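Only one structure is covered here, and it is reproduced in the block below.
In this text the structure is predicted, and so the values were computed from the model without any measurement.
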Amino acid sequence: MSSPAPARPRPVHQAADLLAAYLPGSFYYSSARGSLLADGVYSPVHAAPGERARAAAEVLDAALVAGVTEPVVAGAIGFRPDAPSSLVVPAVVRRAGPPRTGGPVAPLGGGSWSVSPRPAPEVYTTAVTRALDEIRDGDLRKIVLARCLDVTGGDPVAVPRLLARLVHADPAAHAFAVDVSAPGDPAPRTLIGASPELLVSRRGRIVMANPLAGSRPRVADDAENARRIDDLLASGKDRAEHAHVAAQVAEVLGRFCVDLDVPAEPEVIGTPTMWHLSTRISGRLTDAGDAGSSALALAEALHPTPAVCGVPTGLARDTIAALEPEDRGYYAGLVGWTDQDGDGEWVVTIRCAEVRDRTVRLFAGAGVVAGSDPAAELAETGAKFGTMLRALGLEGVA
């Protein structure tokens with residue numbers, strides 16, 4: 001009798017190798033949980049909003065039957081209900097541990113850069129003023145207004161190098177690069193960023209979310225940073241803005257979870273460019289075996305949170321459409337992955353940009369509530385551009 005063939009050992013990958021292997025068109029995602037690099041397309045996932053999780057589960061089941069090893073659904077979903085989606089089941093997935101701080105990354109290059117704000121700063125502050133009028137006179141309680149910077153270089157942008165600079169600048173961030181090209185695009189488009197905000201993660205029955213709202217720019221001086229942290233914690237305006245977000249996230253997760261832990265007080269977390277009020281919410285799923293409680297299903301149920309939209313959601317979203325001259329596309333949407341067990345991780349698509357050939361379109365938003373100051377909200381968006389501008393080597397241009 002012949003002996004059975006020995007099992008082939010599972011490949012072991014290093015986070016640095018996955019990052020080095022990234023090429024435009026691949027899907028890359030890394031966080032403190034680990035790194036994931038996916039290539040090729042076994043199948044796209046097409047479904048209406050609210051139905052994507054069940055469609056994803058069906059495609060994952062088919063991929064398993066077809067022999068795809070440890071399949072995942074990966075990609076991004078835009079801000080509006082009718083926004084595009086780039087969800088696919090990749091043909092090949094490689095995983096590794098979380099990235100580590102590495103050595104210096106080569107400059108991005110690109111020659112001289114031109115920077116065009118969209119809209120102009122005075123148009124943005126006028127929109128904030130109009131939003132404050134809506135809050136004072138109507139049912140709107142909070143709205144997040146965003147603006148863009150179009151940064152254009154002399155040469156095509158080196159997306160792999162830009163991604164590497166983002167990961168090395170903050171290995172703890174949720175870094176991502178996703179092909180979001182659409183039919184008719186004159187050049188490939190890549191959604192790229194390093195989000196600080198975990199929308200939701202799931203491991204077995206354990207669910208985590210980490211909503212952020214309320215911010216201050218981070219500076220080089222430790223004493224000034226300590227003052228800004230204290231000011232943020234004491235700010236009634238920022239705490240009210242944050243409370244809107246945390247309450248809605250807790251309410252949604254409460255439909256799926258028991259033993260929900262919602263801290264009574266926010267804490268402050270930092271990125272290389274910002275300080276944020278943060279609430280870490282956790283719970284235990286009542287039913288982990290249903291596609292309706294997969295990580296993607298939870299993410300769809302939560303999206304959009306008041307951190308990127310407003311309160312009440314429908315009114316805020318309609319007001320955003322009326323006041324913002326540029327379509328958000330994938331900005332303020334969600335990006336991440338879900339596996340065949342329903343586990344996964346999805347983050348809010350902020351601190352991000354879309355790269356197309358020589359142009360990088362950056363996005364940033366600020367929450368407007370009663371008591372907001374238009375000039376301060378403009379300055380906040382400028383500070384939030386810092387993550388991408390630093391990676392481009394263009395600090396201070398916003």
Side-chain angles (χ1 to χ4, degrees), residues 18-30 37-41 44 74-80 83-88 90 105-120 146-169 173 175-195 324-333 335 349-365 381-382 384-398:
L18 296 191
L19 181 59
Y22 167 80
L23 292 172
S26 302
F27 173 87
Y28 176 89
Y29 181 94
S30 67
L37 180 65
D39 289 291
V41 177
I77 298 172
F79 171 69
R80 292 190 62 84
S85 164
S86 70
L87 297 181
V88 301
V105 179
L108 188 65
S112 61
W113 299 89
S114 64
V115 180
S116 301
R118 298 182 183 275
R147 64 186 183 106
C148 307
L149 287 181
D150 280 353
V151 180
T152 304
D155 301 311
V157 176
V159 175
R161 193 177 298 171
L162 179 58
L163 175 63
R165 290 175 64 85
L166 287 167
V167 173
H168 284 273
F176 54 87
V178 189
D179 181 16
V180 292
S181 302
D185 280 345
R189 281 191 300 152
T190 302
L191 177 69
I192 186 169
S195 176
E324 290 184 5
E326 303 292 338
D327 181 14
R328 290 187 174 189
Y330 285 96
Y331 166 69
V335 60
T349 316
I350 54 176
R351 310 299 187 272
C352 66
E354 284 193 11
V355 180
R356 179 160 47 190
D357 194 35
R358 299 183 299 114
T359 298
V360 185
R361 170 164 284 191
L362 288 66
F363 300 87
T381 59
K384 289 175 177 176
F385 283 132
T387 296
M388 293 302 305
L389 289 174
R390 179 179 291 189
L392 290 164
L394 294 172
E395 287 182 88
V397 304

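Tyr331 contributes atom OH, which lies 11.0 Å from atom CG of Leu362 (distance to the nearest 0.5 angstrom). Between the CG atom in Leu191 and the CZ atom in Arg356 there is a gap of 12.5 Å [rounded to 0.5 Å]. Remark: Leu392 CG to Thr387 OG1 distance equals 11.0 Å, nearest 0.5 Å.
With contacts defined as side-chain heavy-atom distances shorter than 4.5 Å, the pair Leu389/Leu149 qualifies. When side chains are defined from C-beta on, Ser30 does not count as touching Leu19, because their heavy atoms never get closer than 4.5 Å. Taking the side chain as every heavy atom from C-beta outward, Leu37 and Phe27 never approach each other to under 4.5 Å. In this structure the side chain of Phe363 never reaches within 4.5 angstrom of the side chain of Thr349, judged on heavy atoms. The shortest side-chain heavy-atom distance between Met388 and Cys352 does not fall under the 4.5 Å cut-off.
Within the 3.5 Å criterion, the main-chain N or O of Gly153 finds a donor-acceptor partner in the side chain of Arg358. The main-chain N or O of Ala76 is found under 3.5 Å from a side-chain atom of Ser86 such that the two form a donor-acceptor pair.
Qualifying salt bridge (Lys or Arg N to Asp or Glu O under 4.0 Å) partners for Asp327, counting only residues two or more places apart in sequence or in other chains: none. Every residue meeting the salt bridge (Lys or Arg N to Asp or Glu O under 4.0 Å) condition with Arg189, not counting sequence neighbours, appears here in chain and number order: Asp185, Glu354. Listed by chain and residue number, nothing satisfies the ring-ring contact (aromatic ring centres under 6.0 Å, His included) test with Tyr28 (two or more places apart in sequence, or in another chain).
Pairing each heavy atom of Ala146 with each of Glu324, the nearest pair is N-OE2, 2.7 Å. Looking at every heavy atom in both residues, Pro90 comes nearest to Asp39 through CB-O, 3.8 Å. The minimum heavy-atom distance linking Thr190 with Tyr22 is given by the pair CG2-OH, 3.7 Å. Of all the heavy atoms in Val180 and Tyr330, the pair that sits closest is CB-CE1, 3.4 Å. Closest of all the heavy-atom pairs between Arg390 and Arg165 is O-NH2, 3.5 Å. Residues Cys148 and Glu326 share a closest heavy-atom pair of SG-CB, 4.1 Å.
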inquiry  = Could you go through Ile192 and Phe176, starting from their C-alpha distance and side-chain angles, then the distance that decides it, and tell me whether this counts as side chain to side chain contact (heavy atoms under 4.5 Å, CB included)?
reply    = CA-CA 6 Å; Ile192 186 169; Phe176 54 87; 5.5 Å; no
